[in-house]
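Comments concern the structure below.
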Amino acid sequence: MPDTPQSDAIVLFGATGDLSRRMLLPSLFFLDVDGFLPPGVRIVGTARGELTREAFVETVRRVLDERAEEIDEAAWTRFAARLDYVGADATTPEGAALLKPALEGAERPLFFLAISPSLYGRVCEALHTAGVAGEGSRIVLEKPIGRDLGTSREINAALSDIFDESQIFRIDHYLGKETVQNLIALRFANTLFEPLWNSLSIDHVQITVAETEGVGARWPYYDEYGALRDMLQNHMLQLLCLVAMEPPADMEPDSVRNEKVKVLRSLRPFTRADAADKSVRGQYGAGVVAGREAAAYEAERGQKSGVETFVALRVDIDNWRWAGVPFFLRTGKRMPEKRTQIVVQFKPVPHSIFGQASTHDLVANRLVIDLQPDEDINLTLMNKAPGLTKGGMRLQSMPLSLSLLRTYEGPGARRRIAYERLLLDVIHGDATLFVRRDEVEAAWAWVDGVADAWAEAGLQPRPYAAGSWGPPGAFALIERFGRDWRD
Ligand code: BG6
């Protein structure tokens, strides 16, 4: 952890909203249970609605109970004592000023904006004008930071008028996931992979983020964004960066983020011709997911829509390390299973010394990194099948597994919410796992190119049945380049 002062109060904007209830309040509670919340840190929930402190505390307790985990009553009493609530419209300086009494004595408050990005600029300005936020404050923002490069720049510019970049923490919750951080350890805490981690040994990389959930009631947001802007611009490009970046000099925030920006700037721009050749858009129709009937996106939306709920792309990185190595990315809603996975496919052996029959069994090495639902890292290696055979040896492919399930074994062990890691880091001022302004803007610049190419080529989403792996074109896409999705 860097040697920066700890935050001494946490203000949650949108404290009664979905993100706070599902992720932020439980994460703060679990941090407190494990002794990670500095003593004396207050947690002030705020939202427009009037609510007494007692009613807010009750809501938080209900949220924790709903997670069906046993609550340690002593820990709860300690946590509840930290909680406060202020009903305020924080988009105005008068509203923001209402937070003052709850923050009395706090010199380094952390403001978590779990609210619509369209309000970021106004809330920051109001906090500043009211004298609630100052030099010691930290501000945490959720995605989406804009809908394209232009709107993202507007938000960033509004924030930078008030806060220094070192005070701004842009969250991509994928960076808080255990296996995502493990990817950094795997690559840079071992000598094994680095000499092979390039176009000489790697044939291609696949990144899949599949969800069984549909869009449902979130359509008013989603219909403006689609899978490209909702998932690919942020989570998937972040995963790609961590796979593709050069070794940073150290784990200082800017060392890591400098390397990620270089990857983003090396992404080959999409052209109109690439739209049909290297990308597929899809939108789910009705179908069956995990044995349950699922409605079509347009039924949820209530009318026809041109937004994609599935996207598959071939991405090229134009630099020395990755020249000629395609990265295939796909993400979709209403897929047959929840799966977040990175597959690093190595090249086959250059020459087989085994007889024809055995050569047939030869499978190229593959590193499979599972992020969800299981956290697992598997390296498939060839070995000799046990036993005697006539005329040569039989080969078989076997996984070498680094199952992270063990991490969660034992009494009291549990899988952490990604936000726990991220909140702890903001409290300590460590920005390594947060996205810097130039990173967000470089990602948008590339994604805008894809959206423009689609618009120019008139590429419309193709239908796919809920519960399938996307439109047939997604298979044709990867096959066109001589590879297959690992399903
Ligand atoms: C969010 C997207 O950022 O990530 C959602 O807006 C998506 O559409 C979610 O469902 C997926 O997160 P996770 O952690 O469940 O993979």
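A quick note: this is a predicted structure, and the numbers were derived from the prediction, not measured. All values below come from the heavy atoms of this structure, side chains included, with hydrogens, waters and symmetry mates left out. Note that ligands are numbered from 1 as they come in the structure, with each ligand's atoms numbered from 1 the same way.
The nearest protein atom to atom 12 (O) of ligand 1, hydrogens excluded, is given as H173 NE2, 3.2 Å; this is a heavy-atom distance. The nearest protein atom to atom 16 (O) of ligand 1, hydrogens excluded, is given as Y174 OH, 2.5 Å; this is a heavy-atom distance.
Of the residues listed (E66, E420, R67), the one engaging P26 in a side chain to side chain contact (heavy atoms under 4.5 Å, CB included) is R67, and it is the only one.
Between the side chains of T16 and Y85, not a single donor N or O lies within less than 3.5 Å of an accepting N or O. Looking only at atom types and distance, the side chain of R366 has no donor-acceptor partner in the side chain of N378 under 3.5 Å away.
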Derivation and outcome, side-chain contact (heavy atoms from CB on, under 4.5 Å), residues E165 and R436: CA-CA 8 Å; E165 179 64 25; R436 208 169 54 189; 3.5 Å; yes
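Ring pair W197/F193 is perpendicular by interplanar angle, where above 60° counts as perpendicular and below 30° as parallel.
Not a single heavy atom of Y225 sits closer than 4.0 Å to an atom of ligand 1. At least one heavy atom of D230 sits less than 4.0 Å from an atom of ligand 1.
Comparing K177, E211, R218, R229 against atom 5 (C) of ligand 1, the shortest heavy-atom distance belongs to R218. When H235, E213, R339 are ranked by how near their heavy atoms come to atom 1 (C) of ligand 1, first place goes to H235.
Counting heavy atoms closer than 4.0 Å to ligand 1, residue K338 contributes side-chain atoms (C-beta onward) but none from N, CA, C or O.
When all heavy atoms of G45 and A15 are compared, the pair lying nearest together is CA-CB, 3.5 Å.
Side chains of W469 and R330 form a contact here, defined as non-hydrogen atoms less than 4.5 Å apart. Side-chain contact between R218 and D230: present, with at least one pair of heavy atoms (C-beta onward) separated by less than 4.5 Å.
Taking every heavy atom of K333 and a limit of under 4.0 angstrom, the matching atoms of ligand 1 come to 5 (C), 7 (C), 8 (O), 10 (O). Close contacts of ligand 1 with K143, meaning ligand atoms under 4.0 Å from a residue heavy atom, involve 1 (C), 2 (C), 3 (O), 6 (O). Near M231, meaning under 4.0 Å from one of its heavy atoms, ligand 1 places the atoms 2 (C), 4 (O), 7 (C).
Below 3.5 Å of separation, one finds no N or O of Y222 facing any N or O of ligand 1.
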